[in-house]
Number of protein chains: 2
Amino acid sequence: MPRSKFISDLHWVREGQQSRSQKTQEALLDAAEALFSDQGADATCVADVARRAGCSVGAVYHHFRDKKALLYALFDRMSEQKSATAREALDPSRWKGASVADILHAYLEFSLATARERPAFMRAGLEASRNDPALLEHLADLHRETNAGLTRLLLAREPEIGHPEPKVAIGFVLDQLAAMMKTRLDNILMPTELSAISDDQFIDETLRSACGYLQVPMPKRDD
Amino acid sequence: MPRSKFISDLHWVREGQQSRSQKTQEALLDAAEALFSDQGADATCVADVARRAGCSVGAVYHHFRDKKALLYALFDRMSEQKSATAREALDPSRWKGASVADILHAYLEFSLATARERPAFMRAGLEASRNDPALLEHLADLHRETNAGLTRLLLAREPEIGHPEPKVAIGFVLDQLAAMMKTRLDNILMPTELSAISDDQFIDETLRSACGYLQVPMPKRDD
DNA sequence: ATTATCTATAGATCTATAGATAATGC
DNA sequence: ATTATCTATAGATCTATAGATAATGC
């Protein structure tokens, strides 16, 4: 009985009958999230997840069909949260009177902040999806959903944009921003100048670059 | 007897006495490179490397202290090649009369082309370096070396640059380009709009963005 | 009575080594 | 005689299950 897109017959999660079940499941998901984020799913063994959740290996397999089902359930939980947040944040009525630059600025700040809460989770997801096209497709869907919402907001402000092809430019700039944030967050690993500067400075320069490309005015600030 | 920075007492590679040795070592490195790139080092077992190289597991351990030494030797080989190419390509005398835009354009084209030859090798390296600070440091050095060369070329053209702080801007823009290429190459995995466009279009838009940010003229082309 | 948990372990997989066999080159 | 290779396997680690034990809630 699939509860959502990540949970199929193949990757079932048991629907508990007792109240204990939910607690254990959530403890397991929390433990898995922490460990998978930190080391990747492959490098984490089921026994470690169980230990961290304070239960036994047997309990893990009582609740989740196998290790992969645990991973899927995890992404399910995260994608629910992320979708809900995005839907709310990207509601056009929230952005009356906001400029293109305002929206991009808010997007950068928000994404950096939330990504920092789950430092390496996305990377772990991409790694895991390497041998799992279905998982990859789910992650891509999630990304597309957010992108579509942002694109809608920006397209509504087309007259602001000086770039000759606003549609192309919007697609490009959103991917550019995503690429830069991904690299900055990853680059705890591979330090470049991008990680030497502060978040504020990073957002500032990134925004300056994006506004220059789109040919929209920067948000007024220091002058 | 360390032959180079990657090869220490801990990660030795045997100096062969017979001519067979070199052939086998290179076959093993080639096999490892292909498999590590494709699946990551963790997901590749030594037996697979041996099979692909057409020799036995025992032979692997005759030549390399352990699996990690094989990985180190691989990066050693790659970093030698990359350093040499970079030194040659970034020689200032080659770029007499070239504009900032010309240099960035060449850099984008060249990096994309060479990265495509070894599609996922850098990613495999970053993954492997997660639990190996020394390897990470070597990779960072390699990156810094190229970056320093490029920075030198661009700083020599400081008067061209309209951005109020050319030094900051150069550092930022180089990291931006690296981030975008990394994402584009990785995104065989996570398709965004960046991977939907052609390489030429990608280079074109990326260059347009970079020139806009730096406030340098675009290279003349279609008008 | 049913559901959840635990303990113990079978089976798979992988790294690394020991010891036997084959090739090289002085 | 020395170096390189191969075969076979010990030891470590991890997934998943079987069967015993404990907790829940009708």
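So you know, we letter chains A, B, ... as the sequences are listed, proteins then strands, and number each from 1. The shown structure was predicted, so the numbers you read here are calculated from the model rather than taken from an experiment.
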[X] [atom1] to [N] [atom2], straight-line distance once rounded to whole Å:
X: Glu26(A); N: dA4(C); atom1: CD; atom2: P; result: 15 Å
X: Gln39(A); N: dC14(D); atom1: CD; atom2: C1'; result: 14 Å
X: Tyr61(B); N: dT9(D); atom1: OH; atom2: C1'; result: 14 Å
X: Lys67(A); N: dA12(C); atom1: NZ; atom2: C1'; result: 14 Å
X: Asp42(A); N: dC14(C); atom1: CG; atom2: P; result: 12 Å
X: Leu28(A); N: dA4(C); atom1: CG; atom2: C1'; result: 12 Å
X: Asp66(B); N: dT17(C); atom1: CG; atom2: P; result: 8 Å
X: Arg51(B); N: dT13(C); atom1: CZ; atom2: C1'; result: 12 Å

Is the shortest heavy-atom distance from the side chain of [X] to the side chain of [Y] under 4.5 Å?
X: Leu155(A); Y: Arg152(A); value: no
X: Asp175(A); Y: His143(A); value: yes
X: Glu145(A); Y: Ser83(A); value: yes
X: Leu135(B); Y: Phe6(B); value: yes

Listed pairs, N/O of protein and of nucleotides 5-8 of chain C, under 3.5 Å:
from   : atom 1 : to       : atom 2 : distance (Å)
dT5(C) : OP1    : Thr24(A) : OG1    : 2.4
dT5(C) : OP2    : His63(A) : NE2    : 2.4
dC6(C) : OP2    : Ser56(A) : N      : 2.6
dC6(C) : OP2    : Ser56(A) : OG     : 2.8

Does OP1 or OP2 of dA4(D) have a side-chain N or O of Gln18(B) closer than 4.0 Å?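 No.
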
Between Thr44(B) and dC14(C), is there a contact of a side-chain N or O with OP1 or OP2 at under 4.0 Å?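 Result: no.
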
Checking Gln25(A) side chain against Gly16(A) main chain: does a donor-acceptor pair fall under 3.5 Å?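 No, because the side chain of Gln25(A) does not come within donor-acceptor range (under 3.5 Å) of the backbone of Gly16(A).
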
Across all strands shown, which nucleotide pairs with dT24(D) by Watson-Crick or G-U wobble geometry, both distances under 3.5 Å?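 Pair assignment: dT24(D) / dA1(C).
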
Pairing check on dT7(C): which nucleotide meets the Watson-Crick or G-U wobble criteria with it, both distances under 3.5 Å? dA18(D)

Can a donor-acceptor pair be found between the side chains of Tyr213(A) and Gln176(A) at a distance below 3.5 Å? no

Arg184(B) to Phe202(B), cation-pi by 6.0 Å centre distance and 45° axis angle: yes

